[in-house]
Amino acid sequence: AFAAAVALGYRSLETDVRATRDGVAIAFHDPTLDRITDRTGRIAELDWSEARTALIGGTEPIARIDDVLDAWPDARLNIDVKDAAAVAPLARAIERTRAHDRVCVASFSDRRRRAVLRRLSAPVATSGGRWTVARFRVTSPARWAALVARALRDVDCLQVPERAGPVRIINAATVTAARAVGKQLHVWTVNDQSSMHRLLDLGVHGLVTDRADVLQSVLRARHACAADQPSGF
């Protein structure tokens, strides 16, 4: 999937990170291998020597975060920290590859995000967790710019769904508020053309998608080239 996105011209990739029992940071979303690989078991209870034998969809090996960073040294990697066990292994991977200037550390948990940052020798870009998003949402009318800036003081962007249950997170007011304080809004997970066009028209800075090919068509229709758009993850 990473190679396919890069082949389409993208240089911003998104993944999740979990850690094996022996502390290897891997690019994987689920807590278990069961759903999408030909093996079973909880990742946190497997050593890397065991997890690496699993094949995604029966064909593709699981990648270490180090592997992804090494394979595409010109790509930016957005990394969602899925649990506390992944904090230290991710920090080690970033340190080893010296990738500080091309990663964005994200997490639903602000505590996990900050724990990664404390272990790094240089700053990285970060995206706010649930509490940061909640503070932003209640202070986001543009006239409250000082409160918005305070809510987002230690992050570079927010990566959010368009809605969270009945609450609309992305609208004209929130986009204006984020722009007013110099922060970016990235929306996940957007896979259809009409939503992509609508959100780009609204002024969001980035789209996280499973369909890089569809987004490429949208960008071309908007007279853009995927290679010139760091906003597509």
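All values below come from the heavy atoms of this structure, side chains included, with hydrogens, waters and symmetry mates left out.
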With sequence neighbours left out, the residues meeting side chain to side chain donor-acceptor pair (under 3.5 Å) with D201 are R222
Would you please name every residue forming a side chain to side chain contact (heavy atoms under 4.5 Å, CB included) with V175, sequence neighbours left out? I170, R179, L185, L202, V204
Could I get the full list of side chain to side chain contact (heavy atoms under 4.5 Å, CB included) partners for A88, not counting sequence neighbours? R92, R119
Check R76 with E14, please: is the shortest side-chain N to carboxylate O separation under 4.0 Å? no
Got a sec, which residues hit side chain to side chain donor-acceptor pair (under 3.5 Å) with D16, two or more places apart in sequence or on another chain? none
Partners of D34 by side chain to side chain contact (heavy atoms under 4.5 Å, CB included), sequence neighbours excluded? T32, T40
Side chain to side chain donor-acceptor pair (under 3.5 Å) partners for D192, two or more places apart: S194, S195
Side-chain donor-acceptor pair present, Q159, H186, cut-off under 3.5 Å: yes
Please write out which residues are connected to V24 in a hydrophobic cluster, directly or through intermediates, given that two of Ile, Leu, Val, Met, Phe, Trp, Tyr count as joined at side-chain heavy-atom separations below 4.5 angstrom. I26, F28, L33, I36, I43, L46, W48, I56, I62
Applied to residues 124-140, the salt bridge (charged side-chain N to carboxylate O under 4.0 Å, His left out) test, sequence neighbours excluded, yields none
For R118, give me all partners under side chain to side chain contact (heavy atoms under 4.5 Å, CB included), at least two apart in sequence or on another chain. R114, A115
Taking all atoms of both residues into account, what is the closest heavy-atom pair of S127 and A106, and its distance? CB-CB, 3.8 Å
Verdict with supporting geometry, V208 and V190, side chain to side chain contact (heavy atoms under 4.5 Å, CB included): CA-CA 6 Å; V208 183; V190 187; over 6 Å; no
Taking salt bridge (charged side-chain N to carboxylate O under 4.0 Å, His left out) as the cut-off, I'd like each qualifying pair that reaches into residues 40-56, sequence neighbours left out, listed once. R21-D47, R21-E50
With clusters built from Ile, Leu, Val, Met, Phe, Trp and Tyr whose side-chain heavy atoms come within less than 4.5 Å, directly or transitively, what are the remaining members of the cluster of V167, listed by chain and number? none
Taking atom types as modelled and ignoring hydrogens, do the side chains of E95 and H100 form a donor-acceptor contact shorter than 3.5 angstrom? yes
Does any N or O in the side chain of S109 come within less than 3.5 Å of the main-chain N or O of R112, such that one atom is a donor and the other an acceptor? yes
For V187 and P161, work out which heavy atoms get closest and say how close. CG1-C, 4.2 Å
Under the side chain to side chain donor-acceptor pair (under 3.5 Å) test, which residues partner K183, sequence neighbours left out? none
